[in-house]
Trainee: 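Input: one structure, supplied below.
Position 1 is the first residue of the sequence, and the numbers go up from there.
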Amino acid sequence: MPTPATVMDPNEKLRWPEKVGYGVGDTASCLFWVLVSSYLSIFYTDVFGLAPAALTVLFLVTRIWDAAFDLVMGMIADRTQTRWGKYRPWILWGIIPFMAAEIALFYTPNLSDSGKLVYAYLTYSATMFLYSVLNVPYGALLGVISARSEERTVLASYRFVGAFAGNFIIQSSLLYLVHKLGSGNDRQGYLLAVTLFACVSGALFFCLFASTKERVQAPPEKTSIKGDLKDLIQNKPWLILFSVGVLTLIYVTLRQASSVYYLKYYVNREDLVPAFMAGGTIFSILGALASPYLVRFFGCKKRTFIILTVFGAALTLYNYIATPTDLVTVFICHYVVSIPLAAIFPIMGSMFADTADYGEWKFGRRATGLIFAGQTFSQKTGGAIGAAVVTEILALAGYVANTQQSEASLSGLRHLMTTLPGVIGLLVVGLALLYTLDAKRASEVAEELASRRSSS
């Protein structure tokens, strides 16, 4: 007797509880991811006590190894068969181990400098590994909850609204909780605050598992790992989108990882960090909500992505003119640029779902988990490179934690927030112009796949 998943209509119109349930999955993810992308670096340098140069190698080695594991996780998930589907069970199984690893990541043991570095490598690697166990299947769900491209765009919008909700929670409350719970002891404060966020993440991941369904079923055909990888490499739209994802995350991570440093040392107003970060997140939520409407307005995902990226890169470059006392320019640029940078991510997620359809159409085999593992691989690789660039520039500029910075260090922070990400944003545009799976082509592919499935 077939499982309930095999008799579901892949073109069924989704109801709002499932959309919200899918969206809160990224709230859970971002309660962790924002901790890592925005605060782990400054936690390691200013609280944990590691040198920036040591972090450069740490971020590159652990994140790139972890990004490669995403591809393995994608292939494992594609081959999973349970009564819950292929991808949802991994979310359920990974919740408790992930929570424990996240808490351990922000614990500061009483060890020597070399001992702390080893501890950082072990806990960071374990946490990112378990994050992949949850996040790769979560990303793949977008490709199997519905077969309708417009529904995927809406789902991706819900997802990134959820993501920026998690972002807002961290940016508006983390430092407050660290100071409040730690009573002046930042080591204790970080540990207790992160424990709280880990528990909330676990509850939201369970809501994701319980509220979603897998409707799109691949043809019942056994595939080899070699065959899946070969199909992936020959999927030209995916390759271009993968490259776009790497550069986009470098762009975003440069700004995220340097923001707290920038406000604390260049602007000399650490007290403004919550308002700066949380305010930007509010505008990010607006951008994520607007993405499906922007796609309809401009008539094409690719065109919308390019226009938004050009606007964001131009405004990021403009922010270079801001002096440490020019708070109006600093804040307005950050708030406004948050809108296009947020809107492009739901669009890119929906485009990855289209490349999964294209792969099935062209090669006759569907590897949704591997396709979306490639998306997270690109994001983690870009994030690793971006984080490593930040710590390497700080090291080269002579950054010293918790002291007045040199002119070279301040100049480095200024470029990390403005010119470097702005130029990379323009490179993203150049690559996106090569993407060929436009609205017309994606629609043709989806229609032919629907015909094949109905006939089989």
Trainee: Using a 4.5 Å cut-off on heavy atoms from C-beta on, say whether the side chain of Lys116 contacts that of Leu50.
Mentor: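 Yes, close enough: below the 4.5 Å cut-off.
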Trainee: What verdict does the ring-ring contact (aromatic ring centres under 6.0 Å, His included) test give for His415 and Tyr320, after you've listed the backbone C-alpha separation in whole Å, the side-chain angles of each residue and the deciding distance to 0.1 Å?
Mentor: CA-CA 7 Å; His415 283 291; Tyr320 180 77; 5.3 Å; yes
Trainee: Which atoms form the tightest heavy-atom contact between Ala432 and Ile306, and what is the distance?
Mentor: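 Closest heavy-atom pair between Ala432 and Ile306: CB-CG1, 3.8 Å.
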Trainee: So does Arg255 get a backbone contact from the side chain of Ser259, meaning a donor-acceptor N/O pair under 3.5 Å?
Mentor: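 Judged by distance alone, yes, a pair lies under 3.5 Å.
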Trainee: Exactly one of Phe197, Phe98, Tyr39 should register a ring pair (Phe, Tyr, Trp, His ring centres under 6.0 Å) with Phe32. Which one does?
Mentor: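 Answer to the ring pair (Phe, Tyr, Trp, His ring centres under 6.0 Å) test with Phe32 among Phe197, Phe98, Tyr39: Phe98.
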Trainee: Is there a donor in the side chain of Gln256 and an acceptor in the side chain of Ser37, or the other way round, less than 3.5 Å apart?
Mentor: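 Their side chains do contain a donor-acceptor pair, which is all the 3.5 Å distance test asks for.
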Trainee: For the backbone of Asp70 and the side chain of Ser132, can you confirm whether one donor and one acceptor N or O come within less than 3.5 Å of each other?
Mentor: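 It does not hold such a pair.
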Trainee: How many angstroms lie between NZ in Lys362 and NZ in Lys236, if you round to the nearest 0.5 Å?
Mentor: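 If I round to the nearest 0.5 Å, the distance is 7.5 Å.
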Trainee: Is Val390 close to Leu394 at the side-chain level, that is, under 4.5 Å between some pair of heavy atoms?
Mentor: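 They are in contact (side-chain heavy atoms under 4.5 Å apart), so the answer is yes.
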Trainee: CG of Leu35 to CH2 of Trp33: how many Å apart, nearest 0.5 Å?
Mentor: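 Separation between the atoms: 11.5 Å.
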Trainee: How long is the straight-line distance from OH of Tyr293 back to CG of Leu289, given to the nearest 0.5 Å?
Mentor: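 OH of Tyr293 is found 8.0 Å from CG of Leu289.
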Trainee: Rounded to the nearest 0.5 Å, what separates atom CZ in Arg79 from atom NZ in Lys86?
Mentor: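 Here the rounded value is 8.5 Å.
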Trainee: Please determine, by modelled atom types, if Thr418 and Asn319 share a side-chain donor-acceptor pair under 3.5 angstrom.
Mentor: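 Result is no, nothing qualifies.
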Trainee: Do we see a donor-acceptor contact under 3.5 Å between the side chains of Asp78 and Tyr87?
Mentor: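 Looking only at side-chain atoms, Tyr87 and Asp78 do form a donor-acceptor pair, the distance falling under 3.5 Å.
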Trainee: Show your working on side-chain contact (heavy atoms from CB on, under 4.5 Å) between Phe206 and Ile91 and close with a plain yes or no.
Mentor: CA-CA 8 Å; Phe206 183 79; Ile91 295 168; over 6 Å; no
Trainee: Is there a side-chain contact between Ile344 and Met348 (heavy atoms, below 4.5 Å)?
Mentor: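 Ile344 vs Met348: side chains apart.
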Trainee: With side chains defined as the heavy atoms from C-beta onward, is the minimum distance between Ile170 and Ser38 less than 4.5 Å?
Mentor: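 They are not in contact (no side-chain heavy atoms under 4.5 Å apart), so the answer is no.
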Trainee: Is the number of heavy atoms from other residues, nucleotides or ligands within 6.0 Å of OH (Tyr318) greater than 12?
Mentor: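 Counting other residues, nucleotides and ligands, OH of Tyr318 stays at 12 neighbours or fewer.
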Trainee: Between Thr248 and Gln379, is there a side-chain heavy-atom distance shorter than 4.5 Å?
Mentor: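 Answer no - side chains too far apart.
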Trainee: Taking Ser183 for the side chain and His179 for the main chain, is one N or O donor matched with an acceptor at less than 3.5 Å?
Mentor: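 Checking the backbone N and O of His179 against the side chain of Ser183, no donor-acceptor pair under 3.5 Å is found.
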Trainee: Looking only at heavy atoms, what is the nearest atom pair of Ser338 and Ser284, with distance?
Mentor: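 In terms of heavy atoms, the two residues are closest at CB-OG, 3.4 Å.
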Trainee: To the nearest 0.5 angstrom, please state how far the CG atom of Leu122 sits from the OG1 atom of Thr127.
Mentor: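 Atom-to-atom, Leu122:CG and Thr127:OG1 are 10.5 Å apart.
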Trainee: Between the side chains of Thr281 and Gln171, does any donor sit under 3.5 Å from an acceptor?
Mentor: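 Short answer, no.
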Trainee: Looking at Asp186 and Val178, what are the two nearest heavy atoms and their distance?
Mentor: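 Between these two residues, the closest heavy atoms are OD1-CG1, 3.7 Å.
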Trainee: Determine, stepwise, if the pair Leu327 / Leu272 fulfils side-chain contact (heavy atoms from CB on, under 4.5 Å).
Mentor: CA-CA 10 Å; Leu327 295 178; Leu272 295 179; 4.1 Å; yes
Trainee: Is it the case that atom CG in Asn402 sees more than 12 heavy atoms from other parts of the structure closer than 6.0 Å?
Mentor: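 More than 12 within 6.0 Å, yes.
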Trainee: Are the aromatic rings of Tyr107 and Tyr190 close, with centres under 6.0 Å apart?
Mentor: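 Between Tyr107 and Tyr190, the centre distance exceeds or equals 6.0 Å.
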Trainee: Strictly under 6.0 Å, is that where the ring centroids of Tyr399 and Tyr265 end up?
Mentor: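 Between Tyr265 and Tyr399, which both carry aromatic rings, the centre distance is below 6.0 Å.
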Trainee: Under the side-chain contact (heavy atoms from CB on, under 4.5 Å) rule, what do Ser29 and Phe205 come out as? Steps first, then yes or no, please.
Mentor: CA-CA 8 Å; Ser29 294; Phe205 274 125; 3.6 Å; yes
Trainee: Below 4.5 Å, heavy atoms only, C-beta onward: do Trp90 and Thr80 meet side chain to side chain?
Mentor: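 Yes, side chains in contact.
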Trainee: I'd like to know if the side chain of Thr316 reaches the main chain of Gly422, judged simply by a donor and an acceptor atom lying under 3.5 Å from each other, with no hydrogens or angles considered.
Mentor: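 The answer is no, because no donor-acceptor pair under 3.5 Å joins these two groups.
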Trainee: Could you check whether any side-chain heavy atom of Val47 comes within less than 4.5 Å of a side-chain heavy atom of Arg187, counting everything from C-beta outward?
Mentor: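 Yes. Closest side-chain heavy atoms under 4.5 Å.
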Trainee: Strictly distance-based, threshold 3.5 Å: is any side-chain N or O of Thr391 a donor or acceptor partner for the main-chain N or O of Ala388?
Mentor: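 Checked: pair present.
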Trainee: Judged by modelled atom types alone, do Lys301 and Ser350 share a side-chain donor-acceptor pair under 3.5 Å?
Mentor: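 The answer is yes; a qualifying pair exists.
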Trainee: Without swapping roles, check the side chain of Ser411 against the backbone of Glu407 for a donor-acceptor pair under 3.5 Å.
Mentor: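 A pair under 3.5 Å: no.
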Trainee: For Phe298, does its backbone N or O pair with a side-chain atom of Arg303 as donor and acceptor, under 3.5 Å?
Mentor: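 It does hold such a pair.
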Trainee: Under 3.5 Å, is there a donor-acceptor pair between the side chain of Thr355 and the main chain of Tyr358?
Mentor: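 Not confirmed, Thr355 side chain does not pair with Tyr358 backbone.
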Trainee: So does Leu105 get a backbone contact from the side chain of Thr123, meaning a donor-acceptor N/O pair under 3.5 Å?
Mentor: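 No; zero donor-acceptor contacts below 3.5 Å.
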Trainee: Within 45 degrees of the ring normal and closer than 6.0 Å to the centroid, is that where the cationic atom of Arg414 sits relative to Tyr266?
Mentor: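 Verdict for Tyr266: no cation-pi partner in Arg414.
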Trainee: Just wondering, are more than 12 heavy atoms of other shown residues or ligands nearer than 6.0 Å to CG in Asp271?
Mentor: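 Enclosed.
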Trainee: Quick check: closest heavy atoms across Leu317 and Val423, and the distance to 0.1 Å?
Mentor: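 So the two residues come closest at CD2-N, 4.1 Å.
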Trainee: Would you indicate whether the side-chain heavy atoms of Thr309 and Phe305 approach each other to under 4.5 Å?
Mentor: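 Result yes, sub-4.5 Å side-chain heavy-atom pair found.
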Trainee: If you take all heavy atoms of Ser291 and Ile347, which pair is closest and at what distance?
Mentor: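 Smallest heavy-atom distance, with atoms named: CB-CG1, 4.2 Å.
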Trainee: Kindly compute the distance separating OG (Ser201) from CD1 (Ile95), expressed to the nearest 0.5 Å.
Mentor: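 Atom-to-atom, Ser201:OG and Ile95:CD1 are 10.0 Å apart.
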Trainee: Using the side-chain contact (heavy atoms from CB on, under 4.5 Å) rule, take Tyr124 and Val36 through it: C-alpha gap first, then chi angles, then the decisive distance, then the call.
Mentor: CA-CA 10 Å; Tyr124 189 49; Val36 171; 3.6 Å; yes
Trainee: Mind checking whether Tyr22 and Tyr138 have ring centres under 6.0 Å apart?
Mentor: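 Yes.
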Trainee: Mark yes or no for whether Glu214, through its side chain, and Arg88, through its backbone, hold a donor-acceptor pair below 3.5 Å.
Mentor: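 At least one qualifying donor-acceptor pair exists.
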Trainee: Which atom names give the shortest non-hydrogen contact between Lys302 and Leu433, and what distance separates them?
Mentor: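 Result for this residue pair: NZ-O, 3.0 Å.
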